[in-house]
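Below, chain A is the first sequence line, B the second, and so on; all start at residue 1.
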Number of protein chains: 2
Amino acid sequence: MTRSNPRVLSTLERAGGFASAQEIYRLMQREGESIGLTTVYRALQSLVNDKIVDVLRREDGEAIYRLCGEAHHHHLVCKGCGDTVEIEGGAIEKWAKMMAEEHGFREVGHTAEIFGLCAKC
Amino acid sequence: MTRSNPRVLSTLERAGGFASAQEIYRLMQREGESIGLTTVYRALQSLVNDKIVDVLRREDGEAIYRLCGEAHHHHLVCKGCGDTVEIEGGAIEKWAKMMAEEHGFREVGHTAEIFGLCAKC
DNA sequence: ACCACAAATGAAAATGATTTTCATTTCCAT
DNA sequence: ATGGAAATGAAAATCATTTTCATTTGTGGT
Ligand SMILES: [Zn+2]
Ligand SMILES: [Zn+2]
Ligand SMILES: [Zn+2]
Ligand SMILES: [Zn+2]
């Protein structure tokens with residue numbers, strides 16, 4: 001993946017670092033960029049693979065993509081405005097490791113998100 | 001909603017308290033119960049409204065429903081065989097509350113799942 | 001038992017996001 | 001330039017979920 005990735009990424013940045021594939025596609029169209037929906041999906045997948053963006057789900061199940069920091073981290077998301085704070089999760093890491101050990105699981109990963117209403121909302 | 005709700009609920013229980021609408025529908029079919037897919041969806045919505053079941057999202061975006069039991073808890077899921085262990089998450093609760101306070105969020109909820117390979121797999 | 005009338009049901013069609021197919025175009029190395 | 005590999009995108013396929021609407025079922029009053 002090469003030519004489209006940076007265009008999609010820059011659109012995601014311009015969108016506030018938080019958008020669905022369809023939204024990115026529509027935004028690019030509106031701005032006169034020539035790109036196919038399929039390519040947007042593929043670029044996003046590739047960016048997720050490279051851990052440049054993060055994917056999670058809206059309440060209705062639609063996937064939304066967002067720019068993300070390097071290190072492993074978790075999110076505090078506002079249900080009102082979508083604002084996201086990246087938070088450190090040392091407590092979670094320890095908890096996951098301990099629980100996995102306790103039940104004989106290996107190669108464990110975990111997901112953890114906190115959501116609520118921010119001060120503004 | 002009346003006749004279908006208990007049937008769907010009991011099927012969800014039998015499924016281990018953790019299944020998607022489609023899975024519940026297929027399970028009921030296999031067991032010879034006569035019910036429509038639409039009705040399964042409606043029953044689940046109603047059960048969610050009544051806070052009898054909980055809804056969350058699989059990684060692929062499909063909605064899964066689970067009995068909203070007694071105590072709040074989290075899951076340790078095997079990527080190999082799907083076996084699920086319910087685990088206590090005191091550490092998570094504290095972490096979520098602390099992070100939310102620190103960033104001025106209110107009405108917070110959270111999700112947390114651990115996944116890996118169980119001893120058998 | 002009979003008759004409305006509202007609620008519940010479910011088959012089929014509609015919706016909407018995402019994936020797959022496949023023919024065409026773009027890149028690159030020789 | 002030339003051939004092959006990678007990228008692109010339009011159109012079709014997939015799949016969960018919702019909507020429509022005609023039919024069935026349950027309830028209460030007579
Ligand atoms: Zn992040
Ligand atoms: Zn907010
Ligand atoms: Zn297993
Ligand atoms: Zn559980």
Original post:
Rounded to the Å, how far apart are B/Tyr25 OH and D/dT18 C1'?
Top reply: 16 Å

Subject >> Phosphate-side-chain proximity, A/Ser4 and D/dT8, N/O vs OP1/OP2 below 4.0 Å >> reply: yes

Original post:
How close or far is atom P of D/dT19 from atom CG of A/Asp60, stated in whole angstroms?
Top reply: 12 Å

Original post:
Roughly how far apart are B/Asn5 CG and B/Gln45 CD, rounded to 0.5 Å?
Top reply: 11.0 Å

Subject >> Presence of B/Gln45 side-chain N/O under 4.0 Å of D/dT18 phosphate oxygens OP1/OP2 >> reply: yes

**OP:** Report the distance from atom CG of B/Asn5 to atom P of C/dA8, rounded to the nearest whole Å.
**Re:** 9 Å

Subject >> Reading 5' to 3' through nucleotides 21-27 of chain D, protein heavy-atom contacts under 4.0 Å coded B for base, S for sugar-phosphate only, - for none >> reply: ----SS-

Subject >> Nucleotide D/dT17, atom C1' - distance to CZ of B/Arg26 in whole Å >> reply: 14 Å

Original post:
Shortest non-hydrogen contact from A/Cys118 to A/Cys78?
Top reply: N-SG, 3.4 Å

Original post:
Taking only residues two or more places apart in sequence or in another chain, which ones pass side-chain contact (heavy atoms from CB on, under 4.5 Å) with B/Val108?
Top reply: A/Ile114, B/Ala100, B/Phe105

Original post:
So, do B/His75 and B/Phe18 sit near enough that their side-chain heavy atoms are less than 4.5 Å apart?
Top reply: yes

**OP:** Take B/Ser46 and B/Arg42 through the test side-chain hydrogen bond (donor to acceptor under 3.5 Å, both in side chains) and record every step on the way to the result.
**Re:** CA-CA 6 Å; B/Ser46 140; B/Arg42 278 193 286 238; over 6 Å; no

**OP:** Name all residues meeting the side-chain contact (heavy atoms from CB on, under 4.5 Å) criterion together with A/Gln29; count only those two or more places apart in sequence or in a different chain, and write none if there are none.
**Re:** A/Tyr25

Original post:
A/Leu9: what forms a side-chain contact (heavy atoms from CB on, under 4.5 Å) with it, not counting sequence neighbours?
Top reply: A/Leu47, A/Ile52, A/Val53, A/Leu67

Could you pull out the protein-nucleic contacts involving nucleotides 12-16 of chain C (nitrogen or oxygen on both sides, under 3.5 Å)?
none

Original post:
Roughly how many Å is it from OH in B/Tyr41 to C1' in D/dT19, rounded to a whole number?
Top reply: 13 Å

Original post:
Once you round it to whole Å, what is the distance between P of C/dT18 and CZ of B/Arg58?
Top reply: 17 Å

**OP:** Quick one: pull up NE2 in B/His74 and OG1 in A/Thr111 and give me the separation to the nearest 0.5 Å.
**Re:** 10.0 Å

Subject >> Between D/dC15 (P) and B/Glu23 (CD): distance, integer Å >> reply: 14 Å

Original post:
Between B/Leu37 (CG) and D/dT20 (P), how many Å, whole number?
Top reply: 17 Å

Original post:
Are the side chain of B/Glu113 and the backbone of B/Phe115 linked by a donor-acceptor contact shorter than 3.5 Å?
Top reply: no

Original post:
Would you say A/Arg7's side chain and A/Ser34's backbone share a donor-acceptor pair under 3.5 angstrom?
Top reply: yes

Subject >> Close approaches to DNA chain C from residues 28-36 of chain B, in residue order (heavy atom, under 4.0 Å) >> reply: B/Ser34, B/Ile35, B/Gly36

Original post:
If you measure only the distance, is there a donor-acceptor pair under 3.5 Å linking the side chains of B/Tyr41 and B/Gln22?
Top reply: yes

